[in-house]
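Atoms within each ligand, like the ligands themselves, are counted from 1 in listed order.
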Amino acid sequence: MKEVWTFGSVVSLLGALAFLQSVLHSVLPHELRHVVAKFVQRIFNNFSAYCYFDITEIDGVSTNELYGAVQLYLSSSASVSASRLSLSRPVNSSAFTFGLSNNDRLIDSFAGITAIWEHVVTQRSSPSFSWRSLPDEKRSFTLRIRKKDKPLILPRYLDHIMEVAADIRRRNQDRLLYTNSRCGSMDARGYPWESVPFKHPSTFDTLAMDPIRKKDIIADLRRFAAGKSFYQKTGRAWKRGYLLYGPPGTGKSSMIAAMANFLGYDIYDLELTEVQTNSELRKLLMKTTSKSIIVIEDIDCSVSLTTRGSSPHAAANPATCSMDDIFISPASAAVSTKSVTLSGLLNFTDGLWSCCGSEKIFVFTTNHVEKLDPALLRSGRMDMHIHMSYCSFPALKILIRNYLGISEDELENGKENDILIRELEAAVEAAEITPADVSEVLIKSKRYEKRKAMEELLNVLKGKAAGRRCGGAAGASLGSKEAEEEEEQEKRALDSPKEENSEDFEQVCDKKQGKKTELEGQILEKEE
Ligand SMILES: Nc1ncnc2c1ncn2[C@@H]1O[C@H](COP(=O)(O)OP(=O)(O)OP(=O)(O)O)[C@@H](O)[C@H]1O
Ligand SMILES: [Mg+2]
C-alpha cells in the first residue's frame with residue numbers, strides 16, 4: 001500500500017517526537033539524551049524548509065576568517081534590529097563593537113531574501129583529549145535560509161559579508177600589531193600571535209626620504225593592493241616582498257608603519273629568535289590573515305646564518321652543505337639547538353606555504369645588507385630592495401616641514417635669497433646624518449622660533465660634517481662604523497637575552513653607559 005504523507009500526519013509525527021523527546025529527557029541519562037536530541041533534530045531537518053550553515057570560530061587548525069567577518073558584518077546592523085546586544089571596546093581601540101549576545105538571533109536580508117543569524121555559544125561539556133588547552137566555550141554563527149534560496153544567494157551573500165567586514169575594518173582605522181612572543185606556545189584558541197591595536201602615526205607624508213623614490217614605493221603598493229586579477233591571470237601568488245636596508249635611524253621601521261597605514265593592513269612582527277623549528281614557522285604563517293604585512297626586523301641581528309660547519313657532522317665535510325643544512329640560530333649563542341633553516345625561511349616567504357591566505361606583504365629589514373645570504377636577495381625573493389639612507393636635502397625639507405611647520409615650497413623658493421637654506425643644503429649632504437638624529441635636533445630646538453631653530457640645526461650639521469672630515473670625536477659619535485657596530489651588538493644582546501648571553505648584554509650596557517657619559521662630557525664641554 002502506498003504511503004501518503006499529509007500535512008496533518010507530519011505535524012502529528014513531529015508533535016509525537018517532541019513529546020517523546022521531553023519524556024526521554026526526564027528519564028534518560030545525559031549521554032543518551034544527547035543522542036536522542038540529535039536524532040530528533042535530524043528528522044526535523046528533513047522536513048524543514050530551511051537549511052543551516054555553521055560558521056565556527058576555530059576551523060580545524062586554522063582560524064576561520066569568515067567567523068570574524070560575520071561578527072563585524074552583523075555589528076554593522078546589530079545596533080538597529082537585535083533585541084539584545086553585547087557591547088565592547090577593545091583596549092586602546094577607537095571604535096565600539098556591537099555584537100550578538102550569546103545564543104541571540106538577528107534577521108538580515110540580502111537581495112530581497114531573508115537570512116537569520118544565530119550566535120551559538122556552548123560550553124565544552126566533557127574535557128576531551130587535546131594536544132593544547134581548548135577554550136571553555138565553543139562559539140559559532142548559524143545561518144538559516146530557505147532551502148530554495150540557497151543557490152540564489154549563497155556565494156554572493158558570503159562575498160558581500162567579507163567585503164563589508166573588510167570595509168568596516170578599514171573605516172575603523174584600527175589595525176593590529178601582532179607578535180609571536182609566546183615562545184611557541186598558543187593561547188586557548190590555538191592562536192600563536194598576541195596583538196595590540198596598532199597606533200603608529202608614521203605615514204608616507206611624514207616619512208623623510210627622496211620624494212621620487214617615495215612615489216615609486218607608493219605606486220608599487222597601490223598596484224599590489226589592486227592587483228588581484230593580475231596575480232590571478234599571471235598565476236602568481238598574491239604577495240610581495242620588500243627588503244629595507246640602511247643604517248640605524250634612517251626610517252626602516254617608520255616605513256613599515258607608513259606602509260601599514262597606507263594600505264590599512266595589520267602587521268605581524270615575527271620574532272625569529274622565538275621560533276624553534278620550520279614547522280613552527282609554518283604554523284605561524286598559517287595563522288596570519290590576508291591583507292597583512294609580515295615583518296622580520298634586523299634579520300642579520302636576530303639570526304645568523306651559520307652552516308653545519310660549526311656542528312660535528314658538517315665539520316668533516318663542509319663542502320657538502322646544502323641549503324637545508326644552513327641553520328638560523330640566535331646570533332650570539334655559541335651552540336645552537338634551533339633548527340629553523342634558511343630553506344625554511346625561504347619556504348616561509350616564497351614557497352607553497354607563503355600563499356596560504358592572500359594579499360600578504362613580507363618585509364625584511366637589515367642594517368647590513370652585505371651580511372645577508374645571497375639566496376635571500378636573489379631576484380624574485382624580495383621584489384623590491386629599498387635603500388634607506390642618510391638625510392638628503394629633500395628629506396631634510398620634509399623633516400623641517402614636520403617639526404617647524406615651514407613648507408617645502410617655502411624652503412625651495414627661499415633658497416635663492418636665503419643663505420641659511422643654501423648652507424643647510426650643503427651641510428646636510430656633507431654631514432651624513434640620519435633622519436632620526438635630525439629629528440632629535442629639531443625636537444630640542446622647538447623652543448626657539450623657526451629661524452633660530454634652523455640655525456641650531458645648521459650648527460649641528462656643520463659640526464658633524466667637520467667631525468667626519470677629520471674623523472674626530474663628533475664624527476665618530478654618530479653614524480660611524482664603530483657606533484653602528486655597537487648598535488648591532490646591542491640589538492643582538494637585546495634579541496637574545498638568554499642566560500648564555502647575559503654577560504654580553506651586561507658588557508654592552510656598561511659600554512653603552514660609558515659611551516653615553518663620555519658623550520655627555522663632550523657636549524657639556526662644547527656648551528661651556
Ligand atoms: N625617514 C624618516 N622620516 C621621518 N622620521 C624618521 C625617519 N627616519 C627616522 N625617523 C625618526 O627616527 C625614529 C627612529 O626611526 P626608525 O625606528 O624608523 O629607524 P630604523 O631605520 O628602523 O632604525 P633601526 O635600524 O635601528 O631599527 C623614528 O621614530 C622617527 O621619529
Ligand atoms: Mg627599526
Inset, instruction - Only heavy atoms count here, so choose which of Ala436, Gly249, Ser202 is nearest to atom 23 (O) of ligand 1. - result: Gly249
Inset, instruction - State whether the number of non-hydrogen atoms from other residues, nucleotides or ligands found under 6.0 Å of Ile443 atom CD1 is greater than 12. - result: yes
Legend entry - Ser253 and Glu297 side chains, donor-acceptor separation under 3.5 Å: yes
Inset, instruction - Give, for atom OG of Ser254 and atom NE2 of His200, the distance between the pair rounded to the nearest 0.5 Å. - result: 5.0 Å
Inset, instruction - Say whether Ala208, considering both its backbone and side-chain N or O atoms, lies within less than 3.5 Å of an N or O atom on ligand 1. - result: yes
Inset, instruction - Measure the acute angle between the ring planes of Trp238 and Phe224, then classify it against the limits of 30° and 60° as parallel, tilted or perpendicular. - result: tilted
Legend entry - Thr206, portion touching ligand 1 at heavy-atom distance under 4.0 Å: backbone
Legend entry - Option of least heavy-atom distance to atom 17 (O) of ligand 1 (set: Ala395, Ser253, Pro248): Ser253
Inset, instruction - For Ser445 and Lys452, test the side chains for any donor-to-acceptor distance below 3.5 angstrom and give the result as yes or no. - result: no
Legend entry - Inter-residue atom distance Phe393.CZ - Lys397.NZ, 0.5 Å rounding: 5.0 Å
Inset, instruction - Verify the distance test for Ser254 against the Mg ion (ligand 2): any N/O/S atom under 2.8 Å, yes or no. - result: no
Inset, instruction - Report the distance from atom CE of Met209 to atom SG of Cys391, rounding to the nearest 0.5 Å. - result: 11.5 Å
Inset, instruction - For Asn367, counting its heavy atoms only, list the atoms of ligand 1 lying under 4.0 Å from any of them. - result: 25 (O)
Inset, instruction - Closest by any non-hydrogen atom to atom 25 (O) of ligand 1: pick that one out of Met209, Lys252, His200. - result: Lys252
Legend entry - Short N or O distance, Met388 and ligand 1, threshold 3.5 Å exclusive: no
Legend entry - Asp298-ligand 1 polar pair, N/O distance under 3.5 Å: no
